[in-house]
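One-based numbering, in listed order, for ligands and for the atoms of each.
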Amino acid sequence: MIILSGTPVRDRIKDEIIHSLPTLSRDPKLLIIQVGNNPESSVYVSQKMKFGQSVGISVEHMVCDENISEQDLLSRIHTSNTSQEVTGIIIQLPLPPHLNTRTILDAVDPAKDVDGLGITQIGLRTVGDQYAHVPATARGIMSLYDHYSISLEGKHVVVVGRSQLVGKPVASLCLQRNATVTVCHSHTVGLENITRTADILVIACGKPRLITASHVVPGQIVIDVGLHRTDSGLCGDVDYDEVARVVSAITPVPGGVGPLTVASLFQNVVDAVRFLK
Ligand code: NAP
């Protein structure tokens, strides 16, 4: 059984980013817009700021009042869209319920939308456009495949989860790599029967240890995107101890997909500068 560690992949991406910076036409700068001070969001923001510092990319953290009106937030986004200095913008999710997440995400200039969550980027990605920004976790999973020479050609990939953030972009990218893709979700009937037919399983369902030994068969590759803090420590959407005994390869939690997400976001930040006309 092979443990698919994300750490060497993350380190390689980090080196590539550092080496790419002198080749860019201008210095990248990422702006993170956070509304309120959700503690979990603040942890993610500080991870991004730390990574930016480690590769030499400037990151600005704009914190808006929890009660900011939609109009005020849109106005801040428009100012950032036209800034010469800011080359990438992300809206830290989740937003408070009084704000329309779709309206806010779509207000980010598509050229600076490095999370790839605005409607223009979703469209570009769906048609396989070369200038599309892929949400970071999905891009990280593709880098993991590349690093471990996992070919998707003709393989059956089962993705459990259909979020805009993970499941859908992963499914779309696997299709582009000529996999046959099945996407499962909370209404799927007979999940075990479907997951057992996969060559590669990507699990992003947000349910701690949902996938157990009964969902898998020998020879499969399992990518666990889930991340949960429990009383017994961090765990994924896969019951690692059970599943690792059956399959050929699996990502650990922590240390699998997790380290790749932030690094992949910064690849998007670099690409946003490259794509600038
Ligand atoms: P999400 O928005 O909550 O989406 C979860 C998806 O799983 C939904 O499509 C849902 O189906 C489906 N689902 C829920 N219960 C299911 C079940 N019993 N059987 C089959 N499908 C089920 O979550 P997300 O943002 O995609 O994130 C998924 C997981 O990845 C979470 O654990 C999150 O913490 C983790 N994550 C990790 C990273 C990282 O860097 N490691 C990054 C992002 C996310 P419906 O559509 O029918 O509701």
Side-chain angles (χ1 to χ4, degrees), residues 3-7 9-10 13-14 32 38-48 50-51 90-95 97 101-102 105 114-117 122 125 133-145 157-174 181-198 201-212 214-216 222-230 233-240 243 250-268:
I3 297 174
L4 303 168
S5 168
T7 315
V9 193
R10 188 262 324 270
I13 293 172
K14 200 168 170 176
I32 304 173
N38 175 321
E40 209 163 315
S41 290
S42 300
V43 171
Y44 289 130
V45 170
S46 70
Q47 284 173 355
K48 289 165 193 169
K50 209 167 135 195
F51 189 92
I90 61 177
I91 310 292
Q92 190 65 42
L93 299 178
L95 290 172
T101 302
R102 175 56 38 221
L105 292 176
V114 288
D115 259 346
L117 294 175
I122 292 172
R125 192 161 63 244
H133 291 308
V134 176
T137 304
R139 184 169 185 167
I141 292 171
M142 297 303 127
S143 298
L144 192 86
Y145 291 148
V157 176
V158 173
V159 182
V160 181
R162 58 175 168 179
S163 71
Q164 218 46 265
L165 193 65
V166 189
K168 280 182 184 155
V170 167
S172 171
L173 291 174
C174 291
V181 181
T182 304
V183 181
C184 301
H185 45 80
S186 67
H187 298 259
T188 296
V189 176
L191 183 65
E192 289 183 1
N193 296 331
I194 300 169
T195 54
R196 288 164 69 89
T197 65
L201 264 173
V202 181
I203 313 297
C205 60
K207 297 279 178 293
R209 300 192 184 97
L210 178 83
I211 303 299
T212 61
S214 64
H215 292 83
V216 294
V222 178
I223 313 290
D224 185 358
V225 183
L227 187 62
H228 308 276
R229 273 169 238 286
T230 68
L234 289 175
C235 77
D237 291 344
V238 174
D239 187 325
Y240 182 89
V243 170
I250 185 168
T251 55
V253 177
V257 173
L260 297 172
T261 298
V262 175
S264 305
L265 166 68
F266 279 84
Q267 284 183 301
N268 284 351

To the closest 0.5 Å, what do you measure between CG (Asp239) and NE2 (His215)? 10.5 Å
Got an N/O contact under 3.5 Å between Ser186 and ligand 1? yes
Atom 3 (O) of ligand 1: any protein heavy atom closer than 4.0 Å: no
Flag the pair Val134 / Met142 as yes when at least one side-chain heavy-atom distance between them is below 4.5 Å, and no otherwise. no
For Leu165, counting its heavy atoms only, list the atoms of ligand 1 lying under 4.0 Å from any of them. 25 (O)
Near Thr261 (heavy-atom distance under 4.0 Å), the atoms of ligand 1 are 39 (C), 40 (O)
Taking only heavy atoms of Val225 into account, list the atoms of ligand 1 that are under 4.0 Å away from them. 30 (O), 35 (C), 36 (N), 37 (C), 38 (C), 41 (N)
Contact check, side chains of Leu260 and Ile141, non-hydrogen atoms, under 4.5 Å: no
Heavy atom of Gly258 under 4.0 Å from ligand 1? yes
Least distance between heavy atoms, Asp237 atom then Pro208 atom: OD1-N, 4.2 Å
Identify, for atom 20 (C) of ligand 1, the protein heavy atom at the shortest distance, and state residue, atom and that distance. His185 O, 3.1 Å
I'd like to check which ligand 1 atoms, numbered from 1 as shown, lie under 4.0 Å from a non-hydrogen atom of Val160. 20 (C), 21 (N)
Considering only protein heavy atoms, which is closest to atom 26 (O) of ligand 1, and at what distance to one decimal place? Ser163 OG, 2.5 Å
Could you give the distance from NZ (Lys14) to CZ (Phe266), rounded to the nearest 0.5 Å? 10.5 Å
Do Leu117 and Pro135 have side chains that get closer than 4.5 Å, going by heavy atoms? yes
protein heavy-atom neighbour closest to atom 33 (C) of ligand 1 works out as Leu227 N, 4.4 Å
Given Leu201, which partner from the list Val238, Ile223, Val216 fulfils the side-chain contact (heavy atoms from CB on, under 4.5 Å) test? Val216
What is the nearest protein non-hydrogen atom to atom 46 (O) of ligand 1, stated with its residue, atom name and distance? Arg162 NE, 2.7 Å
Contact with ligand 1 for His228, non-hydrogen, under 4.0 angstrom: yes
Short version for Thr188: what comes under 4.0 Å of ligand 1, heavy atoms counted, is neither
Looking only at protein heavy atoms, identify the closest one to atom 44 (C) of ligand 1 and say how far it is in Å. Val166 CG2, 4.0 Å
Here the atoms of ligand 1 under 4.0 Å from any heavy atom belonging to Gly206 are 28 (C), 29 (C), 31 (C), 32 (O)
Quick one: pull up CD1 in Ile211 and CD in Glu192 and give me the separation to the nearest 0.5 Å. 8.5 Å
Below 4.0 angstrom from a heavy atom of Gly161, which ligand 1 atoms are there? Numbered from 1 as shown, please. 6 (C), 7 (O), 9 (O), 12 (C)
Atom CZ in Arg125, atom CD1 in Ile122: separation rounded to 0.5 Å? 5.5 Å
Against heavy atoms of Thr137, which atoms of ligand 1 measure under 4.0 Å? 42 (C), 43 (C)
The protein heavy atom nearest to atom 17 (C) of ligand 1 is Leu210 CD2, 3.9 Å
Name the one of Asn193, Leu191, Thr197 that satisfies side-chain contact (heavy atoms from CB on, under 4.5 Å) with Thr195? Leu191
Can you tell me how far the NZ atom of Lys48 sits from the CG atom of Leu265, to the nearest 0.5 Å? 6.0 Å
Ligand-side contact atoms (ligand 1) for residue partner His187, heavy atom cut-off under 4.0 Å: 47 (O)
Please work out which of Ala136, Cys235, Cys205 has its closest non-hydrogen atom nearest to atom 13 (N) of ligand 1. Cys205
Nearest-0.5 Å distance that lies between atom CZ in Arg10 and atom OG in Ser264: 11.0 Å
